[in-house]
Structures are given as structure tokens and as C-alpha cells.
**Student:** 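Dumping the structure here so I can ask a few things about it.
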Amino acid sequence: MIGKHKLELDTPCLVIDKNKLMNNIETMQAFATAKSKQVRPHAKTHKCVEICQLQLDAGSIGISITKPSEAYELAKAKIRHLLITSPIVTKHKLATLAKILKLAPETMLVVDSNANLTQLNQLGCELNLSINLLIDIDAGIGRTGASFEAAFGLALAVHQHSNTVLKGIQCYAGHFQHIVDNDERKQASAALLNKAGKLKQDIEHATGLVNLIQSGSGTGTYQIDSDIASVTEIQPGSYSVMDQEYFDIEYSVGNSADNSVGHFQPAMTLLTSVISANHSTHVTVDAGTKALYKETTHPQIISHDGLKYEWHYFGDEHGKVSGDNLPNVGGMIEMIVPHCDPTINLHDKFYVVEDDIVVEVWDIALRGKLA
Ligand SMILES: Cc1ncc(COP(=O)(O)O)c(C=O)c1O
């Protein structure tokens, strides 16, 4: 595979342009550093050890990840300073956490209930170590997180327990990331994160702890959140490879809607081949919903003008591409996917190219690690 042009690859497959990936990683790191913030990139997006390492090499303070099974893969690969951003509650997941902590005792995780705190403190006792915790605060989505009112008491309890260490708070506002209008997004995120910052200050006063972490933020709000004084670190994910849903929002500096300028570039694309072309209206390609996660946003075809990937009818293994000047059988189509994270989770490998030539193949090692 190494040395081949990307158009010689078997399809459907995911291709990463290494220069664009590095541009994205370095752009985010430079921006945060200029604002005196740390970056703990979220690996839920790319699920790839090699990309974690590039992010750490560029200056990231650690790596964020969602599930214990994912964190365990990273710990085994010697990726350190992990933050697990979702509560770990069940018996199986606590057993995985124990294995992670044996490899990487500095790992931080979040807690959003007293019941879970009891479990974690007990695990800390059994392992004879102190578990580093952030209080997860409900940003208003109702997904995970304690309410602002409950978070204060929970923080004091973490501080008082024998085998847990209070490291700070996490407040991630997923529902703000794709607000299209930059000013509207700014208002919503700044109000929430300032409120979280006030809570952090109250916790510091009550406990005597200083320099608590405030973590959160994503690709949609990283600029906004980096201007909030209390925020210490940001955990963006999608910026590394980008997707069409993010190209559809406004950014305040530049506008990346043309996919080539602005903050981040489309580092990852999906290649698919035309396998049937018996109609004047459309062709059939080999990427259906098993290769391309379905969203309301359409993929953005970048290899041809005037073609559209249609979502309906063709299903699991096949996709319908309509438009004028349709490619012939065997032709290849390249597109930016609507939503990077769940599409990546459908694939085993990234084909990494420089000047369109494959230079490396990386495993998507955390793919399918859902527990
Ligand atoms: C807790 C948490 N932090 C950070 C992110 C990264 O967000 P994005 O991919 O929008 O940059 C996510 C994404 O869902 C998340 O759930």
C-alpha cells in the first residue's frame, strides 16, 4: 500500500492528508498556547494512537477519551495523562478502570453522583491509591453531570473522601458546538462557562484548594472558551480531521466554509468507487451506511463539481450519487463526511497520504471499543 497513489486504494476507505492533519493540530495548539490554555484533545473523534501521539508531541497536556475500554487501549499504548470524560459506574467498567489505573495512576475521570463517588472511593481503597476526579457539571443538555446546585456539595465530598482527589470541574456544552451563528454561540458558551468558573471559585474558597482545573470545550467553541479566564484546558476533538457539519458553522476569524482557508482543513476524506452507472440521473457507489454514518447533513463531494450523495434508498452497502457529468464505472469519488466521529468508528484503518501518495497506514485501534 505504501507508495501507491490514493486513487489506487480499495474502497470505501478513509484517507488522511498528513499535512492538513498537522496543520490542524498545530493551529489548535498555537491558538491555545497564545491564550495560556492547555489542550487535552478528545480522541473520541479519531480513535487512533498515532494521532494521540502527534497531538502530545505538538504540546498537548494529555488526551481526553470517553469510554474505559478506549482509555485502556490508550494506556496499553503508553498514552498518558488521560481524562475519561464520562462517568464510570458499572461493575465491568470499574474493573477496566482498575486495569487503567494500574498502568496509568495519574488518569483523571469525572463523577456526577454521590453513589458513584462511593464506588470510586472504594476502588481507590482496594487499589491503595487516590483517584483523580473532576466534577462533571450538566451543561444543560441533561446527558451527564450534576446540576450546579448539587456539584458544590459533591466537590466537597470528593475532597473529604480518603481515596479520591478533587482536581477540578468539567463542563462540556455539546449542544452549543454547532450553533451556526458565531455571536449566538459565543453568548451561550461564555454565559455557561463563566457560571462554571464561579462555581470553581466557590469550591476553591470552601476547600482551600488552588488552581483547580476547568475542562471542556470543543471545535465549535474553542476560541470563545479560550477567552474565559477560569477555563484552564480545552478538549476539542473534531478539529483534527474536521467534517462537513463543522464546515457549516461560522467562525469569527475567517470562515472555513470554502474548506481550504480558516482555522482547520479537511484532513480526512472518504473515497468511494462507482460500481454501476446504468442511469442518466445517478451512479451507484460502494459506500453506503456501513461506510458513511448517516446525518441530515450531506457529504461534500470534493473530487467533482455538481455531484450530490443522496441518503435515501440505496442502504447499507451502496450509495446513490446524482448530478450532471456523472463519472463512469470504476471512477472514484472523494468526499468530506458529514460527521467524522461515527464514520471513523465504521473503519479499521486510515490511509495517510502526502501529496496524494500513501506514506503510512494507521490502525483505528479504538474502533468498536464502545464499553
Ligand atoms: C465531553 C466531550 N468533550 C469534547 C468533545 C469534542 O468535541 P468536538 O468534536 O465537537 O470538538 C466531545 C464530543 O462529543 C465530548 O463529548
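Counting convention: from 1, in listed order, for ligands and their atoms alike.
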**Student:** Is it true that Q223 and D227 share a donor-acceptor pair across their side chains at a distance under 3.5 Å?
**Tutor:**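 Judged by distance alone, the side chains do not pair up.
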**Student:** May I ask you to check whether Y222 and F264 place their ring centers less than 6.0 Å from one another?
**Tutor:**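 Centroid separation for Y222 and F264: below 6.0 Å.
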**Student:** Contact between I344 and R367 at the side-chain level, heavy atoms closer than 4.5 Å - yes or no?
**Tutor:**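 The answer is no, as the side chains (C-beta and beyond) never meet within the 4.5 Å cut-off.
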**Student:** Salt bridge check, D363 against K349: does any charged N sit closer than 4.0 Å to a carboxylate O?
**Tutor:**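 Looking at K349 and D363, the cut-off is met.
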**Student:** Provide the full list of salt bridge (Lys or Arg N to Asp or Glu O under 4.0 Å) pairs with a residue in residues 91-100, sequence neighbours left out, each pair given once.
**Tutor:**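 Listed by first then second residue: nothing to list.
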**Student:** For Y72, does the six-membered ring have the charged nitrogen or CZ of K76 within the cation-pi criterion, i.e. under 6.0 angstrom from the centroid and within 45° of the normal?
**Tutor:**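 Geometry flag: set, cation within 6.0 Å and 45°.
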**Student:** Could you list, one pair per line, each nitrogen or oxygen of ligand 1 together with any protein nitrogen or oxygen closer than 3.5 Å, giving atom names and the distance rounded to 0.1 Å?
**Tutor:**
{"residue": "ligand 1", "atom": "3 (N)", "partner": "Q235", "partner atom": "OE1", "Å": "2.6"}
{"residue": "ligand 1", "atom": "7 (O)", "partner": "Y172", "partner atom": "OH", "Å": "3.2"}
{"residue": "ligand 1", "atom": "9 (O)", "partner": "S238", "partner atom": "N", "Å": "3.0"}
{"residue": "ligand 1", "atom": "9 (O)", "partner": "S238", "partner atom": "OG", "Å": "2.6"}
{"residue": "ligand 1", "atom": "10 (O)", "partner": "Y246", "partner atom": "OH", "Å": "2.5"}
{"residue": "ligand 1", "atom": "11 (O)", "partner": "T219", "partner atom": "N", "Å": "2.8"}
{"residue": "ligand 1", "atom": "11 (O)", "partner": "T219", "partner atom": "OG1", "Å": "2.7"}
{"residue": "ligand 1", "atom": "11 (O)", "partner": "G237", "partner atom": "N", "Å": "2.8"}
{"residue": "ligand 1", "atom": "11 (O)", "partner": "S238", "partner atom": "N", "Å": "3.3"}
{"residue": "ligand 1", "atom": "14 (O)", "partner": "K44", "partner atom": "NZ", "Å": "3.1"}
{"residue": "ligand 1", "atom": "16 (O)", "partner": "R143", "partner atom": "NH2", "Å": "3.3"}

